Amino acid sequence: MSTYKYPVYLFRCFKLDLPQTASCLSAMSVWFNPSHAIEQTLRQVAATTEGFSADFEPGVRPADPKFGDYQANGVLGYAKKNDLNPRELGQKLIDAALASGQFDPELIELALAGPGFINFKLSNTFLWQWQLDYSTKADYQSGAKELKQGRRIVIDYPSANTAKQAHIGHLRPMVIGQAIARLLDFCGADLIRDNHIGDWGTNFGTLIMKIKHEGIDLTTLGDDALVTLDKLYKEGSALESKQPELRDVSRNELVKLQNGDLENTRIWKQIVEISKVAFDKLFVQMGVEVDITLGESFYRDKVQRIYDELTEVGLAEESEGALVVWHDEVKKFSRDNERPYPFNIRKSDGASNYASTDLATVLYRVREFKAEEIIYLTDARQQDHFQLLFLTTKKWFKAKGYPLPEMSHVFWGTILGADKKPFKTKSGESIKLQELLDEARSRAYEVVTAKNPDLPEDERRAIAESVGVGAMKYADLSSNRTQDYVFSWDRLLSFEGNTAPYLLYAIARINSIFRKVGLDPEAPIEGASPAETEAELILARKLMGFVTALELTLNDLRPHFLCTYLYELAGAYSGFYNADKVMVDDEAVKARRLILCARTRTILKTGLELLGLKPLERM
RNA sequence: GCGGGCGUAGCUCAGUUGGAUAGAGCAUCGGUUUUCUAAACCGACGGUCCUGGGUUCGAAUCCCAGCGCCCGUACCA
């Protein structure tokens, strides 16, 4: 059994108190999150403006740069609903906003446009002051931490299985899971990463049968123990097909295990331990962090209570020998359907299944961890299960008066090959995760060696590690997770487009500049003049978008929003890099460009680290 | 049958939940380096947003009806 390790939560120190609602009139600091500030201020202003009621939603969002930095669309909908003239109403709101003194004309410009949009354009003064006010990772985090402040969240990932080698199907839960976990943590959640392993399945009967049949001592298997177990299971299944009488033997071994038979329990523990060691090796390579590991076996003595309580409150009933919960009010689960679809919480042979253990797990997490929110990560095919789990939990907790946590299912599509079918080896087998990692490293190594043959061997290896594994992760994170995506080595390792190499390269170039000028990129830079050129201003604007990108990412738990933002930021930087030379004679210009480089570096690094990538000093 | 997802440039994908002239990358064509990493940058070409209706100031996005593909449909997880 794994040890309990609760994460340690330190009080975080923040350099700044955020002027979230403060006026930007203050010369010392500007709004950290202008979108929020504008939204709040407009709401306040509208509350005391004729023609608006309390339910007015300003609808502020980033705007197309040709119109401004932000736009408020709310007037249009509001005017429509109340049968008012949108342009008149918009102008009224602008007048009131300006009269309130909350919008300093030197910092932000308001304009009515089109059918009733309100556009907000930040002045160059604002843009530059923002760069001066907010410069470090801690500054950026101090804004983000409000998003999940102190909320106790259990994230159920990566749900590794046992007695089987990890394959490509384990890539997405590890990659998406760690990215979301880091994001939640960065944004202030009180997080528990719970690795809910599948260590109590029917497959153990077959495996134990085969192990005993061959008289194998699991302690002698060495480093490749899991590979052997994987093989033994396959052989065991094949054996059962050939000699059906062995099925009864396997079933008997399973029953013995479930009844606490000493010998079988000992073998089972060894299998679980071998699996754990193998997964830990992958976790290290993948950057997966786990706070606790409580597998299905941990809940095996906790399912009886589920049967009892659900029966007691009248939710569960017998059906075809099984214990089930009906949700007739949801059409697809109704018992009136041609194919009835209940939530089966106890099999007709009396055994538990993943519905029973999942229900027991919810209760445990609420009671022991005081979970306010539980996030499950699995592939999209399990949506029905989680819908049933959530429905059942809601009714059960209500009947018992338990505090109901917010529950959500974060799911993803399949990784496809070039043929648009699930990505497999040429012979049609599933690709082992370790082989995938090795191939990523070796391909990246070839690219690095071709581009930069003069670097020392060990540095090229280190670069290949970061680029190869990072590229694979980034490819997984940069497309919308609910969709399937096509896996292509050439594309994910390319330096063109929305890829890890492109982003890592941007950081490496920034580092190179700081090496050349002999400055620490983390150190304060004095004596800068304000940004002025087009490329500088585009970059400065993009830098401000980080917090919005984080917020967007967190709202839907879709890491590709952050990826898209980082790619755009790197693009803005590359444009700036080509247009404006940093190392110029004018010290004030040089200083301001170094500031832009430093900010870009900090945000790119922070963003990539949240996604689980490891930025490099050079490449 | 029921339910879920998808359909956007030749290819791979975005599109902040109903906003302004639908965007990137690749591919194709053209340009930029005595300059901080050209592994880069800039430009051009490329669209029946699957089809047909509807809702309204306004639709790739919402509603209805089709077409096509993927997935799920109790005792695997």
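We use all heavy atoms of the structure for the numbers below, so side chains are in, but hydrogens, waters and symmetry mates are not. The model shown is predicted, which means the values in this text are computed figures rather than measured ones. Naming: A, B, ... by sequence-line order, numbering from 1 per chain.
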Please report the distance separating the [atom1] of [N] from the corresponding atom of [M], rounded so that it comes out in whole Å.
N: A65(B); M: G23(B); atom1: P; value: 32 Å
N: C49(B); M: A60(B); atom1: C1'; value: 5 Å
N: U17(B); M: C11(B); atom1: P; value: 29 Å
N: G19(B); M: G25(B); atom1: P; value: 24 Å

What residues in [range] put a non-hydrogen atom under 4.0 Å from any atom of RNA chain B?
range: residues 462-470 of chain A; value: none
range: residues 374-384 of chain A; value: Arg381(A), Gln382(A), Gln383(A), Asp384(A)
range: residues 319-326 of chain A; value: Ser319(A), Glu320(A), Ala322(A), Val324(A)

Keeping the roles fixed (side chain from [X], backbone from [Y]), state whether a donor-acceptor pair exists under 3.5 Å.
X: Thr206(A); Y: Gly236(A); result: no
X: Asn337(A); Y: Lys332(A); result: yes
X: Ser466(A); Y: Ile463(A); result: no
X: Tyr474(A); Y: Cys563(A); result: yes
X: Asp194(A); Y: Tyr157(A); result: no

- Going through the distances and angles, do Tyr502(A) and Tyr505(A) end up as a ring pair (Phe, Tyr, Trp, His ring centres under 6.0 Å)? CA-CA 5 Å; Tyr502(A) 179 79; Tyr505(A) 177 58; 7.7 Å; no
Name the nucleic acid region contacted by [X], choosing base, sugar-phosphate or nothing; use a 4.0 angstrom heavy-atom cut-off, strictly under.
X: Phe67(A); result: base
X: Arg618(A); result: base
X: Tyr341(A); result: sugar-phosphate

Pair [X] + [Y], salt bridge at N-O below 4.0 Å:
X: Glu536(A); Y: Arg541(A); value: no
X: Arg618(A); Y: Glu459(A); value: yes
X: Lys421(A); Y: Asp419(A); value: no
X: Asp69(A); Y: Lys121(A); value: no
X: Asp586(A); Y: Arg592(A); value: no
X: Glu318(A); Y: Arg346(A); value: yes
X: Lys164(A); Y: Asp230(A); value: no

- Item | Distance-only donor-acceptor test, Gln71(A) side-chain atoms vs A20(B) base atoms, 3.5 Å |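 For Gln71(A), whose side chain was compared with the base of A20(B), there is a donor-acceptor pair (under 3.5 Å).
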- Message: With hydrogens left out and only the distance checked, is there a donor-acceptor pair under 3.5 Å joining Tyr505(A)'s side chain and the base of A39(B)?
- Response: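 Looking at the base of A39(B), it does not pair with any donor or acceptor on the side chain of Tyr505(A) (distance under 3.5 Å).
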Would one find a side-chain N or O of [X] under 4.0 angstrom from OP1 or OP2 of [N]?
X: Tyr577(A); N: A38(B); result: yes
X: Lys516(A); N: U37(B); result: yes
X: Arg509(A); N: A38(B); result: yes
X: Lys331(A); N: C2(B); result: no

Nucleotide [N], atom [atom2] - distance to [atom1] of [X] in whole Å:
X: Asp156(A); N: A77(B); atom1: CG; atom2: C1'; answer: 12 Å
X: Asp490(A); N: A27(B); atom1: CG; atom2: P; answer: 11 Å
X: Leu519(A); N: C36(B); atom1: CG; atom2: C1'; answer: 13 Å
X: Met619(A); N: A38(B); atom1: CE; atom2: C1'; answer: 14 Å
X: Glu568(A); N: A24(B); atom1: CD; atom2: C1'; answer: 9 Å
X: Leu388(A); N: G3(B); atom1: CG; atom2: C1'; answer: 11 Å

- Message: ring pair (Phe, Tyr, Trp, His ring centres under 6.0 Å), that's the test. Do Tyr341(A) and His327(A) meet it? Break it down for me.
- Response: CA-CA 9 Å; Tyr341(A) 193 0; His327(A) 298 283; over 10 Å; no
Dump every N/O contact between nucleotides 8-16 of chain B and the protein below 3.5 Å, one line per pair.
| from | atom 1 | to | atom 2 | distance (Å) |
| --- | --- | --- | --- | --- |
| U12(B) | OP1 | Lys420(A) | NZ | 3.2 |
| U12(B) | O2' | Arg491(A) | NH1 | 2.7 |
| U12(B) | O2' | Arg491(A) | NH2 | 3.0 |
| C13(B) | OP1 | Val486(A) | N | 2.8 |
| A14(B) | OP1 | Asn480(A) | N | 2.8 |
| G15(B) | OP1 | His560(A) | NE2 | 2.8 |

Identify each atom pair where a protein N or O and an N or O of nucleotides 31-35 of chain B are less than 3.5 Å apart, giving names and distance.
| from | atom 1 | to | atom 2 | distance (Å) |
| --- | --- | --- | --- | --- |
| U35(B) | O2' | Lys581(A) | NZ | 2.7 |

- Message: We want to know whether Thr162(A) and Asp199(A) form a side-chain donor-acceptor pair, criterion being a heavy-atom distance below 3.5 angstrom.
- Response: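 On atom types as modelled, these side chains do not qualify, holding no pair under 3.5 Å.
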- Query: Ile415(A) and side-chain contact (heavy atoms from CB on, under 4.5 Å): which partner among Ile168(A), Asp484(A), Val486(A)?
  - Reply: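 Output: one option passes, namely Ile168(A).
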- Item | Closest nucleotide among A77(B), A39(B), C36(B) to the Asn452(A) side chain |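 Closest of the options to the side chain of Asn452(A): A39(B).
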- Message: Let me spell it out: for each of Asp556(A) and Phe576(A), pick the nucleotide of RNA chain B with the closest heavy atom. Which residue's pick is nearer the 5' end?
- Response: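 Final value for this comparison: Asp556(A).
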Taking N or O atoms only and anything under 3.5 Å, show me the protein contacts with nucleotides 55-66 of chain B, one pair per line.
| from | atom 1 | to | atom 2 | distance (Å) |
| --- | --- | --- | --- | --- |
| G58(B) | O6 | Lys80(A) | NZ | 3.1 |

- When the aromatic ring centroids of Phe343(A) and His385(A) are compared, is their separation below 6.0 Å?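 Phe343(A) vs His385(A): aromatic centres under 6.0 Å.
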